[in-house]
Amino acid sequence: MRFGEHENRRCLRTVPTMHAVDIACTLLLLGIIVVSLLSNVVVLICFLYNPEIRKQVPALFILNLTSCNLLLSVSSMPLTVVGLVTTGHPGGSVLCQLVAFLDTFLTTNSMLSMAALSIDRWVAVVFPLSYHSRIRHRDAVIALGYTWIHSLCFSAVASWRSWLGYHHLYASCTTCNSRGKASGTQYVVFTVLLHALSYFLTLVVLCVTYMKVLKVARFHCKRIDVITMQTLVLLVDIHPSVRQQCLDEQRRRRQRAIKKISTFIGTFVVCFTPYVLTRIVELFCLGPIDPHWGILSKCLAYSKAATDPFVYSLLRHQYRKTYSNLLNKVLKRSPLNASHNSTTRSYNTVNSVQIDKLTDQ
C-alpha cells in the first residue's frame, strides 16, 4: 500500500505545472481567439451582405486582411494555446512546420495589407478628384498579388532551409532560431530582411501616409472652424448653451482625426513592436531571454488580429449601418424605431461628416 502511494506521489511530481504567467497568457490568448473569430466573421458577413462595400477598392484589402486574421486564429493561435497548456511540443513535426509556414505568411501578408490600406486612404484624401482614376480594382489586385508573392517568398525560403519549427521561447510554431543557428549568417540576414521588409516598411508607410492625411484633416478642421465662428458671430441672439455646444463640437472635431490616425499607427506599434524587437535581439543576444516575455510578445502580436476588424472596418459608418440592419432583421425590429434615437443627435454630427470621411476612405 505504501509502495503504491509512493509511486503515485512520484508520478504527481513529474506532471508539468503551469506558471501563473503562463495561465494568464493562456486566458488572454483564448480571449483573443474568441474576439478575433467573432469580429472577423462579422466583417465577412458585412462584406457579403452589402454590395456597396464590395464595390469599393479598399474592400479588397480589408477582405485580404480579414482572411489572414481568420486563418491565423484557427491555425497558429490554437497550437500556441496547446503549447502553453502542455508546456511542450504541440502536434507532430509536419503539422508544426505547416503552421509555422502559415504563421510567417499570414503575419507578413497582414502587415503589407495595412500598408496598402494606408496608401489607398492617402490617395483618397490628398487626391480626391482623381482618386478613382488613380486607384482602380485592377491596381488593388496587383497590390494584393505583390503582398502574396512577397509573403510566399519568405515563407518558402524558411521552409526550404528547414528553419520552421517549434520555438520554445514563444510556445508556438514559427521560424526557429535553434534550426537557423546551423546556417549562421544566412539565417541572420533572412530574419533581418523579413522584419525590415514587413514590419519596418509598413511602419514607415503608415507614418508617412497618415501624417499626410492628418495635415489635410487639420486644414478642413480650420475651414469648418472659420465658418462656425462666423455663424456664431452673426447669430447674436443664439442661446449661450447652443453656442457652447457648437464650441465643444468644434473642439471634438479637432481631436477626432488625431484619435483615428493615432489608433491606426498606435495599434500596429503596440502589437508588433515587442515581438519584432525580441526576434531581432534574440539573434545577437548571447544570454537567455525570459520565456514569459517571449510568450507575452507573441500574444501581443496575435492581438492585432482581434483589433484589426474594429480599427479598419466595424467602427466605420458603412459597416456599423450594415451590421445594425442585419441585427434589426435578426431581432425583427423596425429600422425607423431603431434609428429614432440616433436622429436626435444629428445636429452634433453634421459638421463632423467631412472629417470622418477623410479618415474612413
Side-chain angles (χ1 to χ4, degrees), residues 35 38-66 69 113-114 116-129 131-132 135 140 209-210 213-214 216-221 223-224 228 245 248-267 306-331 333-361:
V35 174
L38 292 177
S39 57
N40 283 286
V41 166
V42 171
V43 173
L44 281 181
I45 293 174
C46 292
F47 180 85
L48 296 174
Y49 178 79
N50 193 335
E52 294 299 324
I53 293 178
R54 295 197 299 270
K55 292 178 182 178
Q56 299 173 358
V57 174
L60 294 177
F61 300 125
I62 293 177
L63 178 62
N64 186 65
L65 181 61
T66 303
N69 291 336
S113 297
M114 297 172 208
L117 277 169
S118 67
I119 294 174
D120 177 85
R121 294 183 180 186
W122 168 66
V123 175
V125 170
V126 179
F127 308 101
L129 298 180
Y131 168 74
H132 293 290
I135 304 294
T209 53
Y210 283 127
V213 171
L214 180 60
V216 176
R218 285 179 173 176
F219 172 77
H220 281 268
C221 282
R223 187 181 64 179
I224 296 174
T228 303
Q245 190 176 11
D248 291 341
E249 177 61 25
Q250 181 178 326
R251 184 179 64 255
R252 288 193 295 268
R253 185 168 53 247
R254 296 194 200 102
Q255 299 174 353
R256 190 172 292 113
I258 297 176
K259 288 181 179 179
K260 287 188 176 182
I261 291 173
S262 300
T263 302
F264 292 139
I265 301 176
T267 53
T307 60
D308 283 341
F310 300 97
V311 173
Y312 291 100
S313 304
L314 297 180
L315 295 181
R316 294 176 59 189
H317 172 72
Q318 196 169 26
Y319 282 86
R320 290 202 306 266
K321 184 179 178 180
T322 301
Y323 64 71
S324 64
N325 290 338
L326 287 171
L327 187 62
N328 291 333
K329 283 189 175 183
V330 172
L331 299 177
R333 294 190 306 182
S334 172
L336 293 177
N337 294 332
S339 61
H340 174 71
N341 293 330
S342 63
T343 57
T344 60
R345 299 190 296 268
S346 60
Y347 177 78
N348 294 330
T349 58
V350 168
N351 289 335
S352 63
V353 170
Q354 296 185 18
I355 304 303
D356 289 336
K357 286 183 178 180
L358 287 175
T359 53
D360 287 345
Q361 291 293 334

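For the single chain, residues carry numbers from 1 onward in sequence order.
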### Message
Using side chain to side chain contact (heavy atoms under 4.5 Å, CB included), reason through D308 and M114 one step at a time and then give a plain yes or no.
### Response
CA-CA 9 Å; D308 283 341; M114 297 172 208; 3.4 Å; yes
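- Looking at every heavy atom in both residues, F61 comes nearest to S113 through O-CB, 4.3 Å.
- Looking at N64, its side chain never comes within 3.5 Å of a backbone N or O of L60 through a donor-acceptor pair.
- Nearest heavy atom pair, residue V216 against residue V126, reads CG2-CG2, 4.2 Å.
- Atoms OH and CZ, from Y319 and F47 in turn, are 7.5 Å apart once rounded to the nearest 0.5 Å.
- The line from OG1 of T322 to CG of L314 is 10.0 Å long, rounded to the nearest 0.5 Å.
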### side chain to side chain contact (heavy atoms under 4.5 Å, CB included) assessment of L44 paired with L63
CA-CA 7 Å; L44 281 181; L63 178 62; 3.4 Å; yes
### Task
Test R121 against T209 for side chain to side chain contact (heavy atoms under 4.5 Å, CB included), laying out the working first.
CA-CA 8 Å; R121 294 183 180 186; T209 53; over 6 Å; no
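- Between atom OH of residue Y210 and atom OG of residue S118 there is a gap of 5.0 Å, rounded to the nearest 0.5 Å.
- Taking both residues in full, the closest heavy atoms of P58 and Y131 are given as CD-OH, 3.7 Å, listed atom of the first, atom of the second, then distance.
- Taking CD1 of I62 as the start and CG of N40 as the end, the distance is 11.5 Å to the nearest 0.5 Å.
- Interatomic distance, NZ of K321 versus CG of N325, reported as 6.5 Å (0.5 Å rounding).
- With values rounded to the nearest 0.5 angstrom, L331 atom CG is found 11.0 Å from L326 atom CG.
- When the side chain to side chain donor-acceptor pair (under 3.5 Å) test is applied to K329, the partners found at least two apart in sequence or on another chain are Y49.
- The backbone N or O of A116 sits nowhere less than 3.5 Å from a side-chain atom of D120 that would complete a donor-acceptor pair.
- In this structure, F264 has its ring center closer than 6.0 angstrom to the ring center of Y312.
- Residues A306 and V35 share a closest heavy-atom pair of CB-CG1, 4.0 Å.
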